[in-house]
Amino acid sequence: MITFGPVPSRRLGKSLGINNIVSPKTCSYGCIYCQVGKTIKKSCKRESFFKPQIINEKVVKHLDKLTTDKYPDYLTFVSNGEPTLDQNLGKAIKLLKKTGIPVAVISNASLLFYESVREDLFMADWVSLKMDAGDIITWYLINRPVAGLDFESILTGIKLFCDEYKGRLFTESMIINGINDSNDIIAAIAETVREINPEKAYLAVPIRPPAEKFVKLPEPEELNMAWQIFNEMQIKTEFLTGFEGTDAGYTGNIYEDILNTTAVHPLRQDTLLKLLQNDNAGYSVVNSLISQRLIKSVDYRGHKYFIRDYHTMN
């Protein structure tokens with residue numbers, strides 16, 4: 001389950017997703033809003049998951065199945081967990097760049113205190129760093145870090161990386177009702193982002209089913225206030241608050257397309273129906289996957305989503 005998509009991305013255009021983390025979900029965080037669900041294995045130790053050559057082969061094979069109009073704008077490491085936990089990430093990026101397609105990495109930034117992580121991410125063309133908190137208490141409340149991580153060390157690592165990185169740098173902050181949507185907390189996040197000086201800072205809201213049911217969208221007034229605070233600090237800021245659309249990539253193997261995508265990216269029902277249509281498949285495929293307990297449906301904000309069912313790993 002290494003590649004999926006391409007899927008429409010609000011930041012990257014058409015993005016071919018790369019899941020370089022072996023299931024179950026392995027991450028240094030247990031973010032309360034995570035669309036992939038709760039973290040099964042918490043870790044801050046880098047390890048080997050897939051050989052870089054295997055990742056490269058899977059990506060090239062996936063690209064060969066795509067028509068020209070479906071070709072991705074980016075190859076994106078967006079994993080079933082934190083992609084920088086993979087100690088072979090840098091080697092995989094180096095191989096993938098031979099395709100001529102830019103490589104992006106979406107990271108929670110928690111491991112940038114490791115020099116090896118910084119060196120790996122230097123090779124990426126586009127990097128997004130998570131910045132949900134500007135203080136340690138909010139960090140614990142939202143990101144639920146694994147034992148052993150230190151907030152100040154993470155901030156130092158981020159600064160070291162950003163001072164040397166030559167590619168396109170972005171930040172993303174998830175704004176959650178009643179958790180980090182107050183003026184002082186937003187201001188603390190904005191101050192940290194300003195020091196990083198990204199090309200653009202994204203303010204996101206939990207539009208997909210979150211890991212914790214108590215996670216709610218901020219009120220429009222709070223979201224506007226957050227944007228104003230970032231803007232006053234002269235940070236180029238943009239909202240990530242809309243649905244990307246239903247144009248999910250397909251390879252002709254509907255079972256793989258659904259399973260690979262739902263491993264890291266919940267499929268809204270309208271997107272799933274379009275995927276079935278593109279792959280010339282019937283809804284019986286979905287029923288079969290549900291009966292096998294490989295996927296399950298959840299309702300969120302008036303829409304039905306389909307996600308991987310990791311019941312055997314709980």
Side-chain angles (χ1 to χ4, degrees), residues 10-11 25 27-39 42 44 78 81-82 106-113 127-147 149-159 161-162 169-242 266 300-301:
R10 291 165 288 179
R11 295 164 291 183
K25 181 187 172 187
C27 193
S28 50
Y29 283 171
C31 297
I32 59 177
Y33 59 78
C34 185
Q35 65 181 22
V36 188
K38 295 181 179 180
T39 300
K42 272 191 181 183
C44 59
V78 51
E82 170 51 34
I106 298 176
S107 171
N108 66 20
S110 65
L111 304 180
L112 284 172
F113 60 88
V127 171
S128 174
L129 302 179
K130 182 187 301 293
M131 295 300 304
D132 300 326
D135 66 277
I136 190 170
I137 295 176
T138 305
W139 177 59
Y140 271 109
L141 287 173
I142 293 180
N143 301 131
R144 293 179 175 175
V146 65
L149 288 182
D150 177 74
F151 186 63
E152 293 302 325
S153 295
I154 290 173
L155 293 180
T156 299
I158 291 172
K159 184 68 163 57
F161 171 75
C162 296
L169 179 66
F170 298 80
T171 62
E172 181 176 333
S173 303
M174 184 68 75
I175 310 302
I176 302 170
N177 182 277
I179 306 289
N180 67 342
D181 58 348
S182 64
N183 287 38
D184 55 342
I185 293 177
I186 291 295
I189 297 171
E191 287 177 7
T192 303
V193 171
R194 181 170 59 178
E195 291 182 15
I196 294 171
N197 191 30
E199 179 179 328
K200 186 179 292 184
Y202 288 104
L203 298 179
V205 298
I207 64 169
R208 300 191 185 99
E212 298 290 354
K213 292 183 178 179
F214 63 78
V215 171
K216 304 296 181 186
L217 275 75
E219 295 296 330
E221 294 79 10
E222 275 67 39
L223 196 57
N224 174 64
M225 178 270 298
W227 189 90
Q228 296 293 345
I229 290 174
F230 272 64
N231 188 56
E232 287 171 2
M233 293 192 185
Q234 298 184 328
I235 303 168
K236 189 174 182 180
T237 308
E238 187 174 311
F239 288 134
L240 285 180
T241 56
Y300 183 66
R301 298 182 61 220

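Note that the structure is predicted; figures quoted are calculated from it, not measured.
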Test your reading of the model: is there a side-chain donor-acceptor pair from [X] to the backbone of [Y], 3.5 Å cut-off?
| X | Y | answer |
| --- | --- | --- |
| E82 | N108 | yes |
| K200 | E238 | no |
| K216 | G178 | no |
| N143 | P145 | no |
| S173 | M131 | yes |
| W227 | T237 | yes |

Any idea which heavy atoms bring [X] and [Y] closest together, and the distance?
| X | Y | result |
| --- | --- | --- |
| G134 | I189 | N-CG1, 3.6 Å |
| M225 | I186 | CE-CG1, 4.4 Å |
| F151 | A133 | CZ-O, 4.0 Å |
| V146 | C44 | CG1-CB, 3.8 Å |

Could you check whether any side-chain heavy atom of [X] comes within less than 4.5 Å of a side-chain heavy atom of [Y], counting everything from C-beta outward?
| X | Y | result |
| --- | --- | --- |
| I32 | I176 | yes |
| I154 | W139 | yes |
| C31 | K130 | yes |
| K25 | K38 | no |
| I196 | F161 | no |
| T156 | F113 | no |
| E222 | N177 | no |
| M233 | V193 | no |

- Item | side chain to side chain donor-acceptor pair (under 3.5 Å) evaluation trace for D132 with N180 | CA-CA 8 Å; D132 300 326; N180 67 342; 5.4 Å; no
- Query: Run the side-chain contact (heavy atoms from CB on, under 4.5 Å) check on F239 and V205 step by step: do they pass?
  - Reply: CA-CA 8 Å; F239 288 134; V205 298; over 6 Å; no
Kindly compute the distance separating [atom1] ([X]) from [atom2] ([Y]), expressed to the nearest 0.5 Å.
| X | Y | atom1 | atom2 | value |
| --- | --- | --- | --- | --- |
| T39 | R144 | OG1 | CZ | 9.5 Å |
| L155 | T192 | CG | OG1 | 6.0 Å |
| D181 | L223 | CG | CG | 9.5 Å |
| Y202 | S128 | OH | OG | 8.5 Å |
| Y29 | K42 | OH | NZ | 10.5 Å |
| I158 | S110 | CD1 | OG | 8.5 Å |

- Task: For V215 and I179, run side-chain contact (heavy atoms from CB on, under 4.5 Å): C-alpha distance rounded to whole Å, both residues' side-chain angles, the deciding distance at 0.1 Å, then the answer.
- Result: CA-CA 9 Å; V215 171; I179 306 289; over 6 Å; no
- Task: Please assess L112 against L129 for the test side-chain contact (heavy atoms from CB on, under 4.5 Å), listing each intermediate value before the final yes or no.
- Result: CA-CA 10 Å; L112 284 172; L129 302 179; 3.9 Å; yes
